[in-house]
Engineer: 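First the structure, which I've put down as structure tokens, then a few questions once you've had a look.
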Amino acid sequence: QVQLVESGGGLVQAGGSLRLSCAASGSIFSIAAMGWYRQAPGKQRELVATMTRGGRSNYVETVKGRFTISRDNAKNTVYLQMNSLKPEDTAVYYCNAEISLRYGRWDDYWGQGTQVTVSS
């Protein structure tokens with residue numbers, strides 16, 4: 001069974017920083033992409049940043065230059081460094097990972113979500 005455990009959310013003033021972490025555990029054969037999504041009240045969940053196992057990253061335009069995704073494959077962990085936070089970044093942030101438990105089968109897994117609140 002796979003579990004994604006997130007941490008690092010909290011309350012921060014505009015312009016501040018937070019670092020989110022997400023560690024995957026379980027009988028994992030392999031992990032492909034890992035990333036972060038967020039959902040603000042009244043809005044749909046959106047992709048924030050993803051990274052392939054090889055280190056290629058992708059970001060939603062609104063966070064480029066402010067957020068940095070990274071991962072430690074040996075620890076099955078993905079991070080999101082969030083700088084210059086804005087009130088618009090306020091949302092529940094969800095970790096996502098494409099995980100294979102056995103050869104030839106891949107599924108998406110989600111963390112429980114961590115609240116990020118940016119005050120003005």
Side-chain angles (χ1 to χ4, degrees):
Q1 200 65 240
V2 172
Q3 186 176 26
L4 300 182
V5 180
E6 303 174 16
S7 62
L11 175 64
V12 65
Q13 293 185 31
S17 298
L18 288 171
R19 191 172 89 137
L20 307 182
S21 299
C22 173
S25 62
S27 300
I28 297 171
F29 178 72
S30 186
I31 303 178
M34 300 186 79
W36 296 91
Y37 292 69
R38 66 186 181 188
Q39 188 165 25
K43 295 186 176 181
Q44 292 188 327
R45 187 174 299 187
E46 68 170 349
L47 183 148
V48 179
T50 60
M51 178 170 279
T52 67
R53 185 173 185 86
R56 185 174 299 275
S57 60
N58 197 3
Y59 300 88
V60 67
E61 189 68 26
T62 52
V63 310
K64 287 182 178 178
R66 300 188 298 119
F67 292 9
T68 302
I69 189 170
S70 61
R71 63 189 284 180
D72 185 336
N73 292 334
K75 296 181 179 179
N76 290 335
T77 300
V78 63
Y79 308 92
L80 186 67
Q81 179 67 47
M82 303 185 293
N83 298 326
S84 301
L85 282 161
K86 303 175 180 180
E88 306 93 273
D89 297 317
T90 295
V92 177
Y93 284 69
Y94 296 92
C95 177
N96 173 263
E98 188 174 36
I99 296 174
S100 176
L101 303 184
R102 61 174 175 86
Y103 177 80
R105 175 165 178 164
W106 296 85
D107 294 286
D108 282 339
Y109 293 85
W110 294 89
Q112 79 282 1
T114 185
Q115 177 70 48
V116 171
T117 302
V118 184
S119 65
S120 60

Engineer: Is there a path of hydrophobic side-chain contacts, each under 4.5 Å between heavy atoms of I, L, V, M, F, W or Y residues, that connects L4 with L20?
Structural biologist: yes
Engineer: Checking R45 now: which residues fulfil side chain to side chain donor-acceptor pair (under 3.5 Å) with it, not counting sequence neighbours?
Structural biologist: none
Engineer: Heavy-atom distance under 4.5 Å between the side chains of D72 and Y79, does that happen here?
Structural biologist: yes
Engineer: With a 4.5 Å limit on heavy-atom distance, are the side chains of E88 and T62 in contact?
Structural biologist: no
Engineer: Taking the side chain as everything from C-beta on, heavy atoms only, tell me whether Y59 gets closer than 4.5 Å to R66.
Structural biologist: no
Engineer: Parallel under 30°, tilted from 30 to 60°, perpendicular over 60°: which one fits the rings of F67 and Y93?
Structural biologist: tilted
Engineer: Would you kindly confirm whether V12 and L80 end up in one hydrophobic cluster when ILVMFWY residues are joined by side chain heavy atoms under 4.5 Å apart?
Structural biologist: yes
Engineer: Could you give the distance from CG (N96) to OG1 (T50), rounded to the nearest 0.5 Å?
Structural biologist: 9.0 Å
Engineer: What closest approach, in Å, do V92 and G113 show between heavy atoms, and which atom pair accounts for it?
Structural biologist: CG1-CA, 3.8 Å
Engineer: Could you check whether any side-chain N or O of Q115 sits under 3.5 Å from a backbone N or O of G9, counting only pairs where one atom can act as donor and the other as acceptor?
Structural biologist: no
Engineer: Please answer: with hydrophobic residues joined when any side-chain heavy atoms are less than 4.5 Å apart, are M82 and I69 in the same cluster?
Structural biologist: yes
Engineer: Are C95 and W110 close enough that some pair of their side-chain heavy atoms sits under 4.5 Å apart?
Structural biologist: no
Engineer: Going by the rule side chain to side chain donor-acceptor pair (under 3.5 Å), which residues pair with E46 if we only count those two or more places apart in sequence or in a different chain?
Structural biologist: R38
Engineer: Got a second to check how far T52's OG1 is from E98's CD, nearest 0.5 Å?
Structural biologist: 11.0 Å
Engineer: What residue among L11, L18, L85 forms side chain to side chain contact (heavy atoms under 4.5 Å, CB included) with T117?
Structural biologist: L11
Engineer: Drop me the distance from R19's CZ to N83's CG, to the nearest 0.5 angstrom.
Structural biologist: 11.5 Å
Engineer: Looking at every heavy atom in both Y94 and G111, which two are closest together, and how far apart are they?
Structural biologist: CD2-O, 3.7 Å
Engineer: To the closest 0.5 Å, what do you measure between OG (S57) and CZ (R71)?
Structural biologist: 11.5 Å
Engineer: Does a donor on one side chain and an acceptor on the other come within less than 3.5 Å for N58 and R56?
Structural biologist: no
Engineer: Would a 4.5 Å heavy-atom cut-off, applied to side chains only, mark M51 and M34 as touching?
Structural biologist: no
Engineer: Kindly work out whether a path of hydrophobic side-chain contacts (I/L/V/M/F/W/Y, heavy atoms less than 4.5 Å apart) joins V60 to V118.
Structural biologist: yes
Engineer: Could you check if a side-chain atom of I99 sits within less than 4.5 angstrom of a side-chain atom of F29, using non-hydrogen atoms only?
Structural biologist: no
Engineer: Out of curiosity, does L47 fall in the hydrophobic cluster containing I31 (side-chain heavy atoms, cut-off under 4.5 Å, transitive links)?
Structural biologist: no
Engineer: Give a yes or no answer on whether the side chain of D89 reaches the backbone of V116 with a donor-acceptor pair at less than 3.5 Å.
Structural biologist: no
Engineer: Does any part of the side chain of Y103, heavy atoms only, come nearer than 4.5 Å to the side chain of S30, both counted from C-beta?
Structural biologist: no
Engineer: Please name the pair of heavy atoms, one in P87 and one in S120, separated by the smallest distance, quoted to 0.1 Å.
Structural biologist: CG-CB, 3.9 Å
